[in-house]
Amino acid sequence: QVQLVESGGGLVQAGGSLRLDCAASGRTFSSYARGWFRQAPGKERAFVAAINWSGSSRSYADSVKGRFTISRDNAKNTVSLQMNSLKPEDTAVYYCAAGPSWVGANTPALYKYWGQGTQVTVSS
């Protein structure tokens, strides 16, 4: 009933850019924290970025800080991830998520709703 659907993934050369978007249906997530996580084959799902309900607070993994920007549009019920200066180590399936609290927003367990993921591949 509640769905999060990512889009915008694909193949890009190192140094290039991609913008991921996440559309939601079934409920409004304007009061929820939103996050992006990624998972490479054989590795744990890792935190990438998070944003609080109003967009006034943002958090980034050290590996992406300065290169990635998370944003949200509550009027459209969407969250986005702008990825610049991409590196081969950014290659992964990227997931968007929504959770009821900003506290612990870098922890996957906080999030109740998850999308199916979109593949991002960065070639060297």
Side-chain angles (χ1 to χ4, degrees):
Q1 293 180 357
V2 176
Q3 294 188 58
L4 301 178
V5 181
E6 302 93 341
S7 63
L11 175 65
V12 65
Q13 294 184 35
S17 298
L18 284 174
R19 181 181 175 91
L20 305 182
D21 296 297
C22 180
S25 62
R27 70 153 294 153
T28 298
F29 290 102
S30 59
S31 63
Y32 277 56
R34 305 297 299 274
W36 286 94
F37 292 77
R38 64 188 182 186
Q39 188 168 24
K43 296 186 177 180
E44 296 288 316
R45 186 168 297 189
F47 170 74
V48 176
I51 187 168
N52 75 336
W53 72 273
S54 68
S56 62
S57 296
R58 296 173 174 84
S59 181
Y60 298 94
D62 289 342
S63 59
V64 307
K65 192 171 185 178
R67 299 188 297 121
F68 291 11
T69 302
I70 188 171
S71 62
R72 68 189 297 164
D73 186 339
N74 286 341
K76 297 180 179 179
N77 208 24
T78 61
V79 63
S80 299
L81 185 70
Q82 178 66 46
M83 304 184 294
N84 298 326
S85 301
L86 284 162
K87 304 174 181 179
E89 51 262 45
D90 295 319
T91 296
V93 176
Y94 283 70
Y95 299 88
C96 73
S101 177
W102 173 244
V103 178
N106 62 340
T107 303
L110 176 69
Y111 296 89
K112 184 177 181 179
Y113 302 102
W114 293 84
Q116 294 298 308
T118 186
Q119 178 70 47
V120 172
T121 302
V122 184
S123 62
S124 59

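Sequence positions, counted from 1, serve as the residue numbers for this chain. These figures come from a predicted structure and were not determined experimentally.
Considering CG of Asn77 and CZ of Arg34, their distance stands at 6.5 Å, rounded to 0.5 Å. A distance of 13.0 Å separates CZ of Phe47 from CH2 of Trp36, quoted to the nearest 0.5 Å. Between atom CD of residue Gln39 and atom CD of residue Glu44 there is a gap of 7.0 Å, rounded to the nearest 0.5 Å. Here CG of Leu18 is found 9.0 Å from OG1 of Thr118. Values are rounded to the nearest 0.5 Å. To the nearest 0.5 Å, atom OG1 of residue Thr91 and atom CD of residue Gln119 are 7.0 Å apart. Note that the CG atom of Leu4 and the OG atom of Ser25 stand 8.0 Å from one another [nearest 0.5 Å].
Within the 4.5 Å cutoff, the side chain of Thr78 has no heavy atoms near those of the Phe29 side chain. In this structure, Ser80 and Arg19 have side chains that are in contact, with non-hydrogen atoms separated by less than 4.5 Å. Taking 4.5 Å as the limit, every side-chain heavy atom of Val64 sits out of range of all side-chain heavy atoms of Met83. You'll find the side chain of Phe68 stays beyond 4.5 Å of the side chain of Leu20, heavy atoms only.
For the pair Pro88 and Ala14, the tightest heavy-atom approach, listed with the atom from each and the gap, is CD-CB, 4.2 Å. For the residue pair Val48 and Tyr94, the shortest heavy atom distance occurs at CG2-CE2, 4.3 Å. Closest approach of Ser17 and Asn84 over heavy atoms only: OG-OD1, 2.9 Å. Nearest heavy atoms, Arg38 versus Ser63: NH2-OG, 3.4 Å.
Within the 3.5 Å criterion, the main-chain N or O of Gly117 finds a donor-acceptor partner in the side chain of Glu6. In this structure, Arg58 contributes its side chain and Ile70 its backbone to a donor-acceptor pair below 3.5 Å. The backbone N or O of Ser85 sits less than 3.5 Å from a side-chain atom of Arg67, completing a donor-acceptor pair. No donor-acceptor pair under 3.5 Å is formed between the side chain of Asn74 and the backbone N or O of Thr28.
Tyr60 and Tyr95 fall into different hydrophobic clusters, where Ile, Leu, Val, Met, Phe, Trp and Tyr side chains are chained together by heavy-atom contacts under 4.5 Å. If you chain together hydrophobic residues whose side chains sit under 4.5 Å apart, Tyr32 and Val2 fall into the same group. Hydrophobic clustering places Leu81 together with Val122 (ILVMFWY residues linked when any side-chain heavy atoms are closer than 4.5 Å, directly or through intermediates).
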Which donor-acceptor pairs under 3.5 Å do the side chains of residues 96-116 make with protein atoms, sequence neighbours left out?
residue, atom, partner, partner atom, Å
Ser101, OG, Val103, N, 3.1
Tyr111, OH, Ala105, O, 2.4
Trp114, NE1, Tyr111, O, 3.3

